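Every value quoted in this text rests on a predicted model; they were computed, and no experiment measured them. FYI, side chains are in, hydrogens and waters are out, and symmetry mates aren't considered; it's all heavy atoms of this structure.
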Amino acid sequence: LQLLVQGADAGAMMVKISKEGVSLDNTHAADSPNYLFVDLTIDPAAEPGYFNLELLDTNGRVAHTYAYELKAREKPARDYVGFSAADVICLITPDRFANGDPANDIIAGTAEQRIDRTAGFARHGGDLAGITQHLDYLEEMGFTAIWPSPVLENDMPRWSYHGYAITDYYGVDPRFGTLADYRQLADEARRRGIKLIMDQVVNHCGSGHWWMEDLPFSDWLNYQDEPQMTNHRRTTHQDPYASKADAELMTGGWFVPTMPDLNQRNPFLAEYLIQNSIWWIETLGLGGVRQDTYPYPDKEFLNAWTCRIMNEYPRFNIVGEEWSSNPNICAYWQAGKDNPDGYQSCLKSVMDFPLQIALMAALNEEESWSNGLIKLYEALANDFVYADPQNIMVFPENHDMDRLATQLQGDVAKIKMALTYLLTVRGIPQLYYGSEVLLNNDGAPGDHGVIRSDMPGGWPGDAVNAFTGAGLSADQRDLQAYLRKLLNWRKKTPVIATGKTLHYGPRSGVYVYGRYNQRERVVVIMNKNPASVTVQPDEYAELLGAYAEARVMESGAAIQLEKGVTVGPMSALVLEVK
C-alpha cells in the first residue's frame, strides 16, 4: 500500500507506525515540500482495526497523528463478478434521473450554487437517492446492471453535473449524496440482482481538484507549465507511420482547459489511480468498471491498471471507451488480441461503436445492394478481428450522442427494431435511461444538455411520470411495455448470452439471424419493408429447416413453420424455435 500524505512540510517528516502485521518499507519526498509518499506492507494475517500513523518533525517530535483504519475484506476477490452478456445495462446520468433528496440540491461552499432544470448545462438536482428509490422500476423493466456516470466530487463552477471533471477521487459529490448513499445504492441494487458499474476517469481531473494549487511533482500533469489541447488522433496507437509529435500530443494533450491531463508515467500518480480503483471496487462491491476515454492515457499505464484489477478480481469486468468506427481500432484494446506491435491488454470489454453506427445506417438508409440492412450483416462479419466478440458492449446511444428517438426520427417501429436487434445480437447490451419513453433531443442535435434530459417523473410535480405511467402517450406506453417484455424474456433465455450466431445476407429488405446451442434456438427476422412478408423455412434451412414449430416472443403464440412465417411491416419478429 502506498499512502499519499499531504500537509505543510510533510515531505521533511519521518513516519512511525505501531501495528502488528503492518510494516513501514520506505518514504518518498516529492518536488513539493508538502507531500510524502509512504510505502507499507500489510501481512495477510494482520488484524483489522485502527492504528496510528505518526508524523515526526526533524527533532523527532510527533507533529501529527492520523488514525488509519485497516478494514476487513467483506468477501473473497473471486466473488466480485463483473457484468457479462447475460446482463442488460442501464446507463444513467444521475443529475437527470430523479431527485430523491432535495436537501442536497445546493451545498454551501461549492463553486456552482445553482439549480435550473431549464438549463442544459446547470444542475437539475438528481442524486444517488433518486436512483435508489427507483431500483424497483429498473428491476421490473428487466435491467440487471446500472452504470451511473461519475458521482465523485466535481467542484467546478460550470457543467459540474456531468461528473467527468473530478476534483476528489475519494469523495462523493455532496450534491449527489454521501459515501453512505453510494453504498446504499450498491447494496440495494445487489439485493435485487442488479450490478453497479462505476464510471472512472484516469485520463484527466478537473481544474478545481484540490492538488492543483500545489502539485506534488513537476511532471504530475502533461504539459504542466504550458497546457496544450489533445489532437484526438487516437489511431497513433496503431498507426505504423504515426509521427512521435502526433502520438505525444494525442495522449499528453488536455481535453479542454478545465480538464488537466494526468501524467500516468509518474509512478506515484499511477499507483494512486490504481489503488483508487481497487478501493472503490472493495468499498462498493462493484460489478464492473467503465473507463472513460480509454485511448487517451498512457497505454502502458492502462495495461498496468487493467492487469492489476483483473489479476486481483479474475471474474470481474472492465469496459473501455474507444469511440471509433473502425473495428480494428476497437479490437486492439481487448484482452487476447494478437496485435502486430505486441501490445497485450487485460481489458475484457470494449464498446462497439462500429455496430452502433451500422445499426443506425441500416434502419435509416433506403435498401439497396450496398445500403440498409447490409450494413448490419457486414458489421457483424467483422467479428473476426475481436478476441472475444461475446464480451463487447453494444448500444444504440449514450450520454454523448443524439438520443435513439432522434437518430431514428421518432419512428417507433424503427426504435423497436433497433432495441430488438441489440437485445438479441451477441455482446453486452447497454441502453440509456428514458429510451423506453422516447426521450429525444429533437431540435438540438448534439446538445449534451438536452441529450441528458430529465427522466419524466423524477421530480415532484412532473406532469408525465415514466415510473408510474401517468401522462405517457400511447406510443410511450407501447414502447415501454415492449421493452419490458423483451428485457424480461431475455433474462430467461440464456442462449442469447452464450449461444453461437448464424446469419444470412439480407434479401429484399429482410435480414434473418439466429442464436443457438444444442438445446435452444432463437431466430430473429427483421423486415424493413412497408408491407408484411412471409418467410419460408426452406430458404433458411440451417436455422429453421429441421424444426416444425416456433413460439413468438412477444405474444407467446405458437406457429407452424411449414406454413411459413409472416412478419409485419417495419418490424422484427423474435421466435423461439422448438
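Between Phe37 and Trp220, the ring planes are tilted. Angles from 30° to 60° get that label. Using cut-offs of 30° and 60° on the angle between ring planes, the pair Tyr68 and Tyr66 is tilted. Ring geometry, Phe268 versus Phe217: the interplanar angle falls under 30°, so the pair is classed parallel (tilted spans 30 to 60°). Using bins of under 30°, 30° to 60° and over 60° for the plane-to-plane angle, the ring pair Tyr35/Trp210 lands in the parallel bin.
Remark: Phe121 pairs with Arg114, Ala119, Arg158, Trp159 by the side-chain contact (heavy atoms from CB on, under 4.5 Å) rule, at least two apart or across chains.
For the atom pair CD (Glu322) and CZ (Arg234), the distance works out to 5.0 Å, reported to the nearest 0.5 Å. Rounding to the nearest 0.5 angstrom, the gap separating the CG atom in Leu347 from the OH atom in Tyr332 is 12.5 Å. Atom-to-atom distance recorded for Ile166:CD1 and Met259:CE is 9.5 Å, nearest 0.5 angstrom.
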Requested in this report: Take Asp199 and Tyr164 through the side chain to side chain donor-acceptor pair (under 3.5 Å) test and state the conclusion after the steps.
Outcome: CA-CA 9 Å; Asp199 202 340; Tyr164 292 95; 2.5 Å; yes
Requested in this report: Evaluate the side chain to side chain donor-acceptor pair (under 3.5 Å) criterion for residues Asn441 and Thr406: first the C-alpha distance (whole Å), next the side-chain angles of each, then the deciding distance (0.1 Å), finally the verdict.
Outcome: CA-CA 6 Å; Asn441 60 301; Thr406 295; 3.1 Å; yes
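The side-chain tip of Arg123 points at the ring of Phe176 from less than 6.0 angstrom away and within 45° of straight on. The cationic group of Arg96 lies under 6.0 Å from the six-membered ring centre of Tyr161 and within 45° of the ring axis, placing it in a cation-pi geometry.
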